[in-house]
*Asks:* 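Quick one: the structure is below, questions incoming.
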Amino acid sequence: MKKSRRHALGQHFLKNPRILSKIVASIAPGAHDTIVEVGAGEGHLTSLLAEKAGHVIALEKDPRLIPGLREMKLSNVS
């Protein structure tokens, strides 16, 4: 049985706002911090990190998700 591309990449998108908020709170990024997010996916965590951190480097392997990340137009995310 052939795996879908999503499953082949091990993609599971975290969308629960409470869990996302807890993750950001535990990291406690500040305005002078640079955060590297591996597997930015649809950008749910990325956008919350961008609100707190000085710079977020969002890495995503799946080329189908990159346009959505770019459309978010977050000035401190690259």
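All values below were derived from every heavy atom in this structure, side-chain atoms included, with hydrogens, water molecules and symmetry-related copies excluded.
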*Asks:* Side-chain heavy atoms nearer than 4.5 Å, only ILVMFWY residues, links allowed to pass through others: does that put Leu20 and Leu65 together?
*Replies:* no
*Asks:* Would you give the length of the straight line joining atom CD of Glu37 to atom CG of Leu49, rounded to the nearest 0.5 angstrom?
*Replies:* 5.5 Å
*Asks:* For the pair Thr46 and Val56, evaluate side-chain contact (heavy atoms from CB on, under 4.5 Å) and give the outcome as yes or no after the intermediate values.
*Replies:* CA-CA 7 Å; Thr46 310; Val56 177; 4.2 Å; yes
*Asks:* Got a second to check how far Ile57's CD1 is from Thr34's OG1, nearest 0.5 Å?
*Replies:* 6.0 Å
*Asks:* Show the nearest heavy-atom pair for residues Met72 and Ser47, with the distance to one decimal.
*Replies:* CE-CB, 3.5 Å
*Asks:* Which pair of heavy atoms, one from Leu69 and one from Ala40, lies closest together, and at what distance?
*Replies:* CD1-CB, 3.9 Å
*Asks:* Check for me, please, whether Ile19 and Ile27 land in the same ILVMFWY cluster - side-chain distances under 4.5 Å, paths through other members count.
*Replies:* yes
*Asks:* How close do Pro29 and Val24 get, counting heavy atoms only, and between which atoms?
*Replies:* CD-O, 3.4 Å
*Asks:* Measure across Ala53 and Ile35 and return the closest heavy-atom pair with its distance rounded to 0.1 Å.
*Replies:* CB-CG1, 3.7 Å
*Asks:* Work out which heavy atom in Glu60 is nearest to a heavy atom in Gly41; give both atom names and the distance.
*Replies:* OE1-N, 2.6 Å
*Asks:* Would a 4.5 Å heavy-atom cut-off, applied to side chains only, mark Ile23 and Leu14 as touching?
*Replies:* yes
*Asks:* Holding to salt bridge (Lys or Arg N to Asp or Glu O under 4.0 Å), I want the full list of residues that pass it with Lys15, two or more places apart in sequence or in another chain.
*Replies:* Glu42
*Asks:* Please find the pair of heavy atoms, one from Ala50 and one from Asn76, that lie closest to each other, and give the distance.
*Replies:* O-ND2, 2.9 Å
